[in-house]
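Report on the structure given below.
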Protein chains: 2
Amino acid sequence: MADPMYRQIAEELRRQIESGELEPGVKLPTELQLRELFDNASRNTVRDAIRSLLTQGLVTTRPGQGTFVAHRIEPFQITLSRDTDTGLGGGEGIAYRSAALAQQRKPEASTPEVKIQAADEVPARELRVPAGTSLICRHQVLRIDKKPWSMQTSFYPIEFAAKAPLLIQAVDIEQGTVRYVAETLGFEQVGYQDQVSARPPNSGEVSFFKLPEAGVVVIETIRTAYERSGQPIRCTVTVWPADRNRLVYNIGEVPKEIASPPPSNDPGNGAG
Amino acid sequence: MADPMYRQIAEELRRQIESGELEPGVKLPTELQLRELFDNASRNTVRDAIRSLLTQGLVTTRPGQGTFVAHRIEPFQITLSRDTDTGLGGGEGIAYRSAALAQQRKPEASTPEVKIQAADEVPARELRVPAGTSLICRHQVLRIDKKPWSMQTSFYPIEFAAKAPLLIQAVDIEQGTVRYVAETLGFEQVGYQDQVSARPPNSGEVSFFKLPEAGVVVIETIRTAYERSGQPIRCTVTVWPADRNRLVYNIGEVPKEIASPPPSNDPGNGAG
DNA sequence: GCAAATTTGTTCGTATGTATT
DNA sequence: CAATACATACGAACAAATTTG
């Protein structure tokens, strides 16, 4: 008599899902059927159980259709340590495209949305300017196979605009901003620090990434890039839904076939 | 008139919390009081709203006491790229202790729990052995300031036991397993790959880390270490509750004062 | 194209249990 | 012990989305 009933129901269903008795994509019994299966529990009690599975990401519900065992998407593996070939930081410019192509996915980047903004807490701290300072802010959405995959916002000191005017224009910078900043301003990116955290998605992220309302979390990376003198030259905040992304860092000597993964033979097809 | 009522209530409360109108630790009105504040909604509707805030990690509830705006714990920042001083991988052995001490926290590691286990999918893939192969499995819990902070399990090929007998004993290995394996087996760790993902905690993790039931997610890192010939010599899976950990990777040249953060002047006091 | 049936989503009311003060 | 406050459980009704005939 330990657990409340809705938990017991959830436990039993979870067991069936994790044991493979209920395979991904399979439709669960309807709420009314589950009611009968579990000691004539109330429909609300059954729903409490299902909600618990929802927040664990084990099932998704579709109004008018039913409750389904969640698919696991084949995650896209993106290397964020420095690419030994391009010398660029992982995930930056070309590196992102080639990583996607290597896994036989079709990468796509939106035209950036550019604003001048008062510095929020994070970019202010990272770029070592007082909060509220105006910053160049370039926001971009990355898609793979037409599906939204990550969302990133880069912040630059406003002074950069004088010599690097493209930064404040809503255009794709062909050679990549890293190289562009180096060429126009002489700030060569010699290193960067990534801070990795994770959290539940906010409502904007839920709708943008079409997350199944609950159960999927996002990883947030804060990358601060430095030039030779030790001055920060860029701060990039990226949001990665955790169901479709896996971040990789290679440190020291790692076998080449591991460092750059071979094409997956199981093309991720997404859900439903 | 778009959103259902419980969402509107949640939105309003969320606004008040994020604007600072309701500060961390402050008690929200009781469910019955909220009922009156919001158009005499049903108590269940108010509870739906609160549950939504719960899963976003914005509030915690305590039976008999009330609903409180969640504290943000001062996250422990742990560098997982190679430590330039010790040469060890971040988070390993000494590196973990010194990182904790540098932030004026008291680190503590449980005596490891050691088993011989059939290889699960992850360690089998990473160590390139068939699933089901016996592996040495060392499980350890790390605490900071007496609170559970992370949980890690390392897997080694079973053959290592012959020359490195301490691996299969439930003892702390003084000099760290990385150095021990190098000295006894001649396998020097020349590099490693970290795979970072995030997910909702399972029920065991919820109870072990005393997570507030929802709203907190865990980061999972899979570290595979390689020796000079390219053979994998260890696979370590670590689970980090995201509310109290922030993972850091330094790539290339990063200013020293950034790479090893100075002691925080705001000692994290945890919740409650 | 429309109507009916099915299924999940929202909202209400009520009663009782359990933890804390 | 009593009061307070959240947790669980039940039943009922209607709404909204989807499929089916």
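Letters A, B, ... mirror the listed sequences (proteins, then strands); counts begin at 1.
Summarising the geometry, the separation between CZ on R62(B) and C1' on dT21(C) is reported as 13 Å, rounded to the nearest angstrom. Rounded to a whole Å, the CD atom of E31(B) is 15 Å from the P atom of dT4(D). Rounding to whole angstrom units, CD1 of residue I50(A) and P of dT8(D) are separated by 17 Å. Taking atom CG of residue L28(B) and atom C1' of nucleotide dA5(D), one finds them 13 Å apart after rounding to whole Å. In this structure, the NZ atom of K27(B) is 12 Å from the P atom of dT4(D), given to the nearest Å. Straight-line distance from the CG atom of D3(B) to the P atom of dG9(C): 15 Å, rounded to whole Å. The distance between atom CG of N40(B) and atom P of dT11(C), rounded to the nearest whole Å, is 15 Å. Atoms CG (N44(A)) and P (dG13(C)) sit 14 Å apart, rounded to a whole Å.
Look at T45(A) and you won't find any side-chain N or O under 4.0 angstrom from OP1 or OP2 of dT8(D). Between R47(B) and the phosphate of dA7(D), there is a side-chain N or O to OP1/OP2 separation shorter than 4.0 Å. OP1 or OP2 of dG9(C) sits under 4.0 Å from a side-chain N or O of T61(A).
Residue order along DNA chain C, read from the 5' end via each residue's closest nucleotide, puts T30(A) first among M5(B) and T30(A). Each of T67(B) and D39(A) was matched to the nucleotide of DNA chain D holding its nearest heavy atom; the match closer to the 5' end belongs to T67(B).
Side-chain N or O atoms of R223(A) include one that pairs as donor or acceptor with a backbone N or O of L80(A) at under 3.5 Å. The main-chain N or O of P148(B) is found under 3.5 Å from a side-chain atom of R244(B) such that the two form a donor-acceptor pair.
For Y6(B), taking side-chain heavy atoms from C-beta onward, the closest of the listed nucleotides dT11(C), dG11(D), dT8(D) is dT11(C). With dC12(C), dC10(D), dG9(C) as the candidates, the nucleotide lying closest to the side chain of R43(A) is dG9(C). Of the candidate nucleotides dT20(C), dA7(D), dT19(D), dT19(D) has the atom lying nearest to any side-chain atom of Q65(A).
Classified by interplanar angle (parallel below 30°, tilted 30° to 60°, perpendicular above 60°), the ring pair Y249(B)/Y249(A) is parallel.
In this structure, the side chains of Q117(A) and L135(A) stay at 4.5 Å or more apart for every pair of heavy atoms.
You won't find any donor-acceptor pair under 3.5 Å spanning the side chain of R7(B) and the base of dG9(C), going by distance alone.
Side-chain polar atoms of Q16(A) and E12(A) form a donor-acceptor pair below 3.5 angstrom.
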